[in-house]
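All remarks here apply to the structure that follows.
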Number of protein chains: 2
Amino acid sequence: MTNQKQIASGLGISAATVSNALAGKGRVSKDLADRIAAKATELGYVPSAAGRALKTGRSGILGLVMPDITQPVFPDFAHAVEGEADKCGLGVLIANSRGGEDGQASAIKALIQRGVDGIIVVPHRGTSPIITEVPSVVVSTPSDPNSIVSANHRQGGRLAATALLELGHRHFLLIGDDPLSPVQMDRIDGMAEALTGVGTFEIMWTSRGFPDLVEKHGAGVSAILTVSDLLALRVITEAARLGLRCPDAISVIGFDDLPLAKAVRPTLTSIVPDTAELSRRSVACLNAILSQNGQDVRRSIVDFTIAHRESTGPASPLNRNPTRRKQ
Amino acid sequence: MTNQKQIASGLGISAATVSNALAGKGRVSKDLADRIAAKATELGYVPSAAGRALKTGRSGILGLVMPDITQPVFPDFAHAVEGEADKCGLGVLIANSRGGEDGQASAIKALIQRGVDGIIVVPHRGTSPIITEVPSVVVSTPSDPNSIVSANHRQGGRLAATALLELGHRHFLLIGDDPLSPVQMDRIDGMAEALTGVGTFEIMWTSRGFPDLVEKHGAGVSAILTVSDLLALRVITEAARLGLRCPDAISVIGFDDLPLAKAVRPTLTSIVPDTAELSRRSVACLNAILSQNGQDVRRSIVDFTIAHRESTGPASPLNRNPTRRKQ
DNA sequence: TTGAAAGCGATACCAT
DNA sequence: ATGGTATCGCTTTCAA
């Protein structure tokens, strides 16, 4: 590994000048700077990250802690964070908060020991880690007071509900996997909020058994709102085998806009998270803190959008009358 | 940030002793070592990664370059690599080879500048990058001569084919997305290899249009082998709307065992990659090189396994006779 | 068993 | 415009 000293001695100059030239601060004559640059590439010089980090006190690396990069959405977020960080000249060190709060804590600790300049953490299941050693940005839901950047799951839920209201649906089934998940709860809450007073709805959790779709349909339900694309897909396929075609008999809407949403027939109408924006704000916020411009660390909330596809359609006239059923 | 010197002066001893004690090399008296450890935790000492890296010439960080962490399987691999690296006391810096070979090259360069000790690279689309600056492990297919750790896509293809042969199927449709993908080609090749002489088959690529499933079924096809779960899912849902039930009318098999394989109805029979083993070998190999035990850098190939689920079933007696159709 | 001191590579202050 | 030099925190010989 060549270092600045070797470039310097190769040119018969001082190491300090080499540093100045390479830093491009303009303290060196254009001529010498060029020769230094030439020599550097000639020797294949690569600046030592360790040397620089030791002197400057900054590693140029930020840590990313997520519950499980295997879960949907997280890979996209990681990808986007890496892209944004790269634009800022920062690297991203990943760490998995394997199972539970302890894993999260030790993952954070490990990152700090590796000398990261800051940490972006997507907290594990409603936990709200506080990091004191380095600047950090918590990416969670608006209901978490420590969350700096949040995905507006309630708004996403409202979006799903209003989209189907506009299509004329009035009787809904809301399905989640797990009532203990704050994210799922927020989504369901948002749906319920938008529906209250305008339509009838029932909330079901698959952890307590899969709903009887035929019965629900017979009772007037024409639209099903789910908390995930996977769940929406399951509903559609289950319905299909029972003879209920989507979107003719029932409209179904998913969440997260996974790749599968475009791969299945009918394609899935889905509520799509703005991962790009989430990552942008997370990195920007952390970068601002790192650049001493720590003043604008205001919380921000990122909305979902909707992708209309084939799994949702207009309600049949039969189901349009809200007075047919009690609220 | 407290450092060793502060611990030393706080205890009225030398910094060297602190270093020795904390390194646990046993050169220090048990008693003193304990007091040093106590003082360290008291002061909240965190060793400086930069200082250590500068001195030892090793950062304890390895880079992971992948085409697109958004694509299926890659997140799992990244996750597994991070886990394995963690066991070895190594961190993982991720980098995306955004679009094409250039992005890959610059991603690798960026990692080197960040001072990684080694790089694991999953090459972009059949490229075969050669890294000279640091030790590296290429994770690709057996057909790539530079690949150190390979996933045996051909074997996976054979596995899919033989599984359906054993169920009595004889007339097959092989579907891929893109004939330019080496991975997909290997999988298809493996299928064709296992089928040749035992059954009839046709290969189709969705990039040239989606096959007419009704026509194929009418022509005797009872099993469809795909190169991905997403494609399998599309086939199943498309077939369902055409009145072809899976697995009664046709058996369908996917690849990669994505989470969705267990979430849809019918659940997907799928060829599952051993990401854990792939990552284990990748990290182990790199770690061996880093530990100077560079001798055993033998290439290794990791086989796929199969997860039998609901999307495949026995062929109906009608389709069992191979003589009904020409080879 | 413990300490003194050199040095890893880059940077920034202070001279010249 | 350029050079000398101290310094960041840690490790590692060599001495005591």
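Within every chain, numbering begins at 1; the chains are lettered A, B, ... in the order of the sequence lines, protein sequences first and strands thereafter. Keep in mind it's a predicted model, so treat the numbers as computed, not measured.
Residue A:Ser14 places no side-chain N or O under 4.0 Å from the OP1 or OP2 atom of D:dT2. When the side-chain nitrogen and oxygen atoms of A:Ser29 are compared with OP1 and OP2 of D:dT2, one or more of them lie within a distance under 4.0 Å. Residue B:Arg52 places at least one side-chain N or O closer than 4.0 Å to OP1 or OP2 of D:dT11. Phosphate contact (OP1/OP2 of D:dG3, side-chain N/O of A:Thr17, threshold under 4.0 Å): present.
Atom CG in B:Asp31 sits about 12 Å away from atom C1' in C:dT1, given to the nearest Å. Between B:Leu22 atom CG and D:dT11 atom P the separation is 8 Å, expressed in whole Å. If you take CD of B:Gln4 and C1' of D:dT11, they are 8 Å apart, rounded to a whole angstrom. Between the CG atom of A:Leu54 and the P atom of C:dG7 there is a distance of 17 Å, given to the nearest Å. For the pair B:Lys30 NZ and C:dT1 P, the computed distance is 13 Å after rounding to whole Å. Atom-to-atom, CD1 of A:Ile13 to C1' of D:dA1 comes out at 12 Å; the value is rounded to the nearest Å. The nearest whole Å value for the distance from the CZ atom in B:Arg58 to the P atom in D:dT11 is 13 Å. Separating the CG atom of B:Asn3 from the C1' atom of D:dC10 is a distance of 9 Å, rounded to the nearest angstrom.
The listed nucleotides are D:dC10, C:dA5, D:dA6; the one nearest the side chain of B:Ser48 is D:dC10. Relative to the side chain of B:Asn20, the nucleotides C:dA10, D:dT2, D:dT12 differ in distance, and D:dT12 lies closest. Considering only the side chain of A:Lys55, C:dG9 comes nearest among C:dG7, C:dG3, C:dG9.
Checking each of B:Val283, B:Val122, B:Leu90 against B:Val81 for a side chain to side chain contact (heavy atoms under 4.5 Å, CB included) leaves exactly one that passes, namely B:Val283.
Each of A:Met1 and A:Ala16 was assigned the nucleotide of DNA chain C with the nearest heavy atom; the assignment lying further toward the 5' end belongs to A:Met1. Nearer the 5' end of DNA chain C, as judged by each residue's closest nucleotide, is the contact made by A:Gln6, out of A:Gln6 and A:Lys25.
A side-chain donor from one of B:Ser59 and B:Asp117 sits under 3.5 Å from a side-chain acceptor of the other. For A:Ser150 and A:Ser147, the side-chain atoms include at least one donor-acceptor pair closer than 3.5 Å.
Salt bridge A:Glu82/B:Arg98: present, at least one basic N to carboxylate O contact under 4.0 Å. Ion pair A:Asp178/A:Arg125 flagged as a salt bridge, since at least one NZ, NE, NH1 or NH2 atom sits closer than 4.0 Å to an Asp/Glu carboxylate oxygen.
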